[in-house]
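Nothing fancy with the numbering, it's 1 onward along the sequence.
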Amino acid sequence: MKSNVTLKEIVGTKIIYALLLVCYYWMWARQDWHQYYGVIQNTVITFTIAFFAIRANRVRKYGKKEQDQRTIQVLQKADAIGLKIMVAAVMFIAAGCAVAFIDGRTAGYALVGTIFALTVIRYVLFCVMGKGETA
């Protein structure tokens, strides 16, 4: 892993963070138990520790590198669009909870699912908008 660390890589790994959030929420919110859940939990925890250790080193290397201002502006535009999407999704989830259409556990799944979807959308937007900037 001696390659340069890019902002695209940093943004892309946020998808794994969001997937880990979904996994941890599933571990906290589930109501049943099967024998293989212990294996899944231990695998997720071990992966989380290893992934954070590797990412910490890569992010530290990125912090030492000079940032491209145009790429940062593209990321800020993608974040602004993502914020609007998240506000709309949270309003929809809150309205569903207010009329007792969605219970608390389902609302939690909807929130972490929205966060995961938003990280994927953010990455796609960043890649698409970044291509338009370089062309």
Side-chain angles (χ1 to χ4, degrees):
M1 292 190 114
K2 296 206 182 257
S3 64
N4 289 335
V5 181
T6 62
L7 188 58
K8 188 175 184 178
E9 175 188 347
I10 300 291
V11 172
T13 56
K14 303 292 187 201
I15 296 171
I16 297 173
Y17 292 136
L19 185 61
L20 287 171
L21 176 67
V22 170
C23 290
Y24 279 105
Y25 185 77
W26 170 77
M27 287 191 280
W28 295 324
R30 67 174 179 260
Q31 298 290 319
D32 60 343
W33 179 260
H34 297 285
Q35 291 297 327
Y36 59 89
Y37 284 178
V39 174
I40 294 172
Q41 286 179 189
N42 291 333
T43 303
V44 169
I45 290 168
T46 303
F47 175 78
T48 301
I49 293 168
F51 182 73
F52 280 169
I54 292 168
R55 291 309 312 153
N57 188 35
R58 298 287 287 171
V59 169
R60 183 182 52 80
K61 287 180 183 177
Y62 179 74
K64 293 179 181 178
K65 191 177 125 185
E66 185 178 330
Q67 277 77 18
D68 179 19
Q69 291 302 317
R70 197 168 5 150
T71 308
I72 291 173
Q73 288 175 348
V74 169
L75 180 60
Q76 289 173 345
K77 288 178 187 177
D79 286 344
I81 294 168
L83 177 64
K84 292 173 179 106
I85 293 170
M86 189 66 180
V87 167
V90 169
M91 286 174 49
F92 180 75
I93 294 167
C97 290
V99 295
F101 179 69
I102 301 175
D103 67 337
R105 190 170 3 124
T106 307
Y109 280 115
L111 285 173
V112 295
T114 302
I115 291 170
F116 178 73
L118 193 61
T119 57
V120 173
I121 291 168
R122 177 183 185 227
Y123 181 71
V124 169
L125 283 172
F126 177 70
C127 291
V128 169
M129 291 168 55
K131 284 183 181 178
E133 289 288 322
T134 58

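In this structure, Leu20 CG and Phe52 CZ are separated by 6.0 Å, a value rounded to the nearest 0.5 Å. Put simply, CD1 on Ile45 and OH on Tyr24 are 5.0 Å apart, with the number rounded to the nearest 0.5 Å. How far CZ of Phe126 is from NZ of Lys77: 12.0 Å, rounded to the nearest 0.5 Å. Separating the CD1 atom in Ile15 from the CG atom in Leu118 is a distance of 10.5 Å, to the nearest 0.5 Å.
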Show me the donor-acceptor pairs, under 3.5 Å and distance only, between side chains in residues 79-101 and residues at least two apart or in other chains.
{"unit_1": "Asp79", "atom_1": "OD1", "unit_2": "Arg122", "atom_2": "NE", "d": "2.5"}
{"unit_1": "Asp79", "atom_1": "OD1", "unit_2": "Arg122", "atom_2": "NH2", "d": "3.3"}

For residues 103-117, which side-chain donor-acceptor pairs fall under 3.5 Å, sequence neighbours excluded?
{"unit_1": "Asp103", "atom_1": "OD1", "unit_2": "Thr106", "atom_2": "N", "d": "3.2"}
{"unit_1": "Asp103", "atom_1": "OD1", "unit_2": "Thr106", "atom_2": "OG1", "d": "2.4"}
{"unit_1": "Thr114", "atom_1": "OG1", "unit_2": "Ala110", "atom_2": "O", "d": "2.6"}

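The salt bridge (charged side-chain N to carboxylate O under 4.0 Å, His left out) contacts involving residues 29-48 comprise nothing, where partners must be two or more places apart or lie in separate chains.
Residue Val11 forms a side chain to side chain contact (heavy atoms under 4.5 Å, CB included) with just one option from Thr119, Leu125, Leu75, and that option is Leu75.
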| query | Yes or no on side-chain contact (heavy atoms from CB on, under 4.5 Å) for Arg55 and Glu9, after CA distance, side-chain angles and deciding distance? | reply | CA-CA 10 Å; Arg55 291 309 312 153; Glu9 175 188 347; 2.9 Å; yes

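Val39 is not connected to Val44 by any chain of hydrophobic side-chain contacts under 4.5 Å among Ile, Leu, Val, Met, Phe, Trp and Tyr, and they are in different clusters. Cluster annotation: Val22 and Ile102 are assigned to distinct hydrophobic clusters (Ile/Leu/Val/Met/Phe/Trp/Tyr, side-chain heavy-atom contacts under 4.5 Å, transitive).
By the 30° and 60° cut-offs, the orientation of the rings of His34 relative to Tyr37 is perpendicular.
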